[in-house]
**Q** 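Take this structure, written in structure tokens, and hold onto it; I'll ask about it next.
Predicted model, so just to flag it, every value in this text is computed and none were measured. The figures here come from the full heavy-atom set of this structure, side chains too, leaving out hydrogens, waters and symmetry mates.
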Amino acid sequence: MSELRTERIAASTVEAYRGTFAADDRARTDGDVLPAGWEGVFFPFDAVLADLRPDGTPARDGIIPEIDLPRRMYAGETTEFLRPLHVGDEVTRTTSLGSVVEKNGSRGRLVFVDVEREYATGGEPAVRSVWHDVFLEAADPDAPARAPRPDPAVVAEADWQEELTLDARQLFRFSALTFNTHLIHYDRAWAREVEGLPDLLVHGPLTRILLMDAARRNAPDRVPARLDVRATAPVLVDRPLRIVGRTAGETTRVTAVDPDDVVLATADIDWQRTS
């Protein structure tokens with residue numbers, strides 16, 4: 001199963017993301033290079049309402065087979081940046097199904113699904129990405145939460161750090177930009193009573209871009225070649241978030257941590273080698 005869609009990298013969409021999440025970045029117009037990771041704001045979900053699951057995620061999208069588990073979560077993503085995309089480009093995205101693996105964990109069945117995407121301009125691939133999702137059994141809101149595992153060394157050994165707090169307005173805007181109707185991002189009752197979370201969940205794909213953005217700001221002369229993101233714990237709305245980075249050779253590890261030094265997500269960025 002595969003799907004082809006074509007979309008223009010519109011300056012208005014770039015500006016909508018920049019103005020909400022990267023206000024210190026300069027504005028971009030047609031012909032400017034699109035920052036790495038920002039391709040994830042384009043090609044919004046397009047499942048019709050009747051094809052959504054009760055949690056708001058697509059049940060039938062022509063790519064992933066229907067899976068009989070009620071919850072769906074973003075687990076991470078692997079991206080190769082082959083050549084730049086530019087604002088104004090006509091981009092064709094090819095989406096296809098990767099691996100589907102079922103496992104049994106401490107809290108029941110899980111199905112891991114990979115979705116493969118290629119972004120091309122002029123018939124030449126520019127970005128290749130593999131999105132990792134996991135489908136899970138129903139949550140028990142009364143079950144005790146897993147004990148967090150702080151890692152103070154991540155912050156202590158960092159080369160740089162940034163701080164931010166994401167609010168519900170920003171989550172709403174990212175949902176609107178990507179046509180993401182997953183209730184966990186905007187319905188507090190659903191997040192708490194059905195998913196068992198303390199509050200609204202920040203989108204995994206948004207966290208991915210924020211990690212890449214932070215790395216780019218702290219290495220403005222470097223060009224990314226590969227990005228490997230792994231989500232490890234919930235990033236929650238209205239909670240202070242630190243993004244820290246440490247570089248070793250041609251790789252920077254960027255980590256999102258909460259105020260208690262619990263690791264929430266990691267991104268390993270391989271930079272193009274400099275001559």
**Q** Under the side chain to side chain contact (heavy atoms under 4.5 Å, CB included) test, which residues partner Glu193, sequence neighbours left out?
**A** Ala189

**Q** Could you check whether any side-chain heavy atom of Pro35 comes within less than 4.5 Å of a side-chain heavy atom of Arg28, counting everything from C-beta outward?
**A** yes

**Q** Does the pair Arg8/Asp30 count as a salt bridge with the N-to-O cut at 4.0 Å?
**A** yes

**Q** Please collect all ring-ring contact (aromatic ring centres under 6.0 Å, His included) contacts where either partner lies in residues 58-105, sequence neighbours excluded, each pair once.
**A** Tyr74-Trp131

**Q** Identify whether Leu201 and Leu206 are in the same connected component of the hydrophobic contact network (ILVMFWY, side-chain heavy atoms under 4.5 Å).
**A** no

**Q** Please tell me if the side chains of Leu110 and Phe135 come closer than 4.5 Å, counting only heavy atoms from C-beta onward.
**A** no

**Q** Taking side chain as C-beta onward, heavy atoms only, is Ile9 less than 4.5 Å from Val14?
**A** yes

**Q** Could you check whether any side-chain N or O of Arg5 sits under 3.5 Å from a backbone N or O of Thr92, counting only pairs where one atom can act as donor and the other as acceptor?
**A** no

**Q** Leu264, Met73: one ILVMFWY side-chain cluster at the under-4.5 Å cut-off?
**A** no

**Q** Between the side chains of Arg93 and Glu118, is the shortest nitrogen-to-carboxylate-oxygen separation below 4.0 Å, so that they form an ion pair?
**A** no

**Q** My understanding is that only residues two or more places apart in sequence, or in another chain, count here; which of them pass side chain to side chain contact (heavy atoms under 4.5 Å, CB included) with Arg226?
**A** Thr78, Glu80, Asp228, Asp270

**Q** Could you tell me whether the side chains of Asp268 and Thr251 share a donor-acceptor contact shorter than 3.5 Å?
**A** no

**Q** Do Val134 and Val111 have side chains that get closer than 4.5 Å, going by heavy atoms?
**A** no

**Q** Hey, does Thr121 have a side-chain heavy atom less than 4.5 Å from the side chain of Leu85?
**A** yes

**Q** Out of curiosity, Thr94 OG1 to Arg128 CZ, how far, rounded to the nearest 0.5 Å?
**A** 10.5 Å

**Q** Can you list everything that forms a side chain to side chain contact (heavy atoms under 4.5 Å, CB included) with Pro70? Sequence neighbours excluded, please.
**A** Ala138

**Q** Is the shortest side-chain N to carboxylate O distance from Glu124 to Arg83 below 4.0 Å?
**A** no

**Q** Could I get the full list of salt bridge (charged side-chain N to carboxylate O under 4.0 Å, His left out) partners for Asp187, not counting sequence neighbours?
**A** none

**Q** Quick check: is Leu197 connected to Val262 through a chain of hydrophobic side chains (ILVMFWY, heavy atoms under 4.5 Å apart)?
**A** no

**Q** Is the closest basic N to carboxylate O distance between Arg188 and Asp238 below 4.0 Å?
**A** yes

**Q** Taking ILVMFWY side chains as joined if any heavy atoms are under 4.5 angstrom apart, and letting links pass through other members, which residues group with Val155?
**A** Val154, Val244, Val257, Val263

**Q** For salt bridge (Lys or Arg N to Asp or Glu O under 4.0 Å), just list the numbers for Arg208 and Glu39, CA-CA rounded to whole Å, side-chain angles, deciding distance to a tenth of an Å, and then say yes or no.
**A** CA-CA 11 Å; Arg208 165 190 176 264; Glu39 74 284 343; 2.7 Å; yes

**Q** Side-chain heavy atoms under 4.5 angstrom apart, residues restricted to Ile, Leu, Val, Met, Phe, Trp, Tyr: same cluster for Met212 and Val130?
**A** no

**Q** For atom CG of Asp24, decide whether the heavy atoms of other residues, nucleotides or ligands shown that lie under 6.0 angstrom number more than 12.
**A** no

**Q** Using a distance-only test with no angle check, is there a side-chain donor-acceptor pair under 3.5 angstrom linking Ser129 and Glu77?
**A** yes

**Q** Sequence neighbours left out, what passes side-chain hydrogen bond (donor to acceptor under 3.5 Å, both in side chains) with Gln272? Give chain and number order.
**A** none

**Q** Look at the side chain of Asp159 and the backbone N and O of Thr247, then say whether any donor-acceptor pair between them is shorter than 3.5 Å.
**A** yes

**Q** Under the ring-ring contact (aromatic ring centres under 6.0 Å, His included) rule, what pairs show up with a residue in residues 182-223, not counting sequence neighbours?
**A** Phe174-His203, His182-His185, His185-His203

**Q** Return each pair, listed once, that meets ring-ring contact (aromatic ring centres under 6.0 Å, His included) where at least one residue sits in residues 24-47; pairs must be two or more places apart or across chains.
**A** Tyr17-Trp38, Phe43-Tyr119

**Q** Who are the side-chain hydrogen bond (donor to acceptor under 3.5 Å, both in side chains) partners of Asp258, not counting sequence neighbours?
**A** none

**Q** Sequence neighbours excluded, which residues qualify as side chain to side chain contact (heavy atoms under 4.5 Å, CB included) partners of Ala27?
**A** Glu15, Arg18

**Q** Please round to the nearest 0.5 Å and tell me the distance separating atom CG of Asp133 and atom CD1 of Ile67.
**A** 9.0 Å

**Q** Test of understanding: clusters of I, L, V, M, F, W, Y form through side-chain heavy atoms closer than 4.5 Å, transitively. Do Val113 and Ile184 belong to the same one?
**A** no

**Q** May I ask you to test the Thr57-Leu52 pair for a side-chain heavy-atom distance under 4.5 Å?
**A** no

**Q** Any chance the side chains of Thr266 and Thr255 put a donor and an acceptor closer than 3.5 Å?
**A** no

**Q** Only counting residues at least two apart or in another chain, list the ones meeting salt bridge (charged side-chain N to carboxylate O under 4.0 Å, His left out) with Arg192.
**A** Asp199

**Q** Give, for atom CG of Leu164 and atom CZ of Arg239, the distance between the pair rounded to the nearest 0.5 Å.
**A** 14.5 Å

**Q** Between Glu162 and Arg217 (salt bridge meaning N to carboxylate O under 4.0 Å), is one present in this structure?
**A** yes

**Q** Measure the shortest side-chain to side-chain distance between Thr252 and Trp271 over non-hydrogen atoms and say whether it is less than 4.5 angstrom.
**A** yes

**Q** Kindly indicate whether the side chain of Val41, heavy atoms from C-beta on, has any atom under 4.5 Å from the side chain of Thr13.
**A** yes

**Q** Counting only N and O atoms by type, is there a donor-acceptor contact under 3.5 Å from the side chain of Asp61 to the main-chain atoms of Ile64?
**A** yes

**Q** Flag the pair Arg71 and Glu137 as a salt bridge only when some basic side-chain nitrogen lies within less than 4.0 angstrom of an acidic carboxylate oxygen.
**A** no

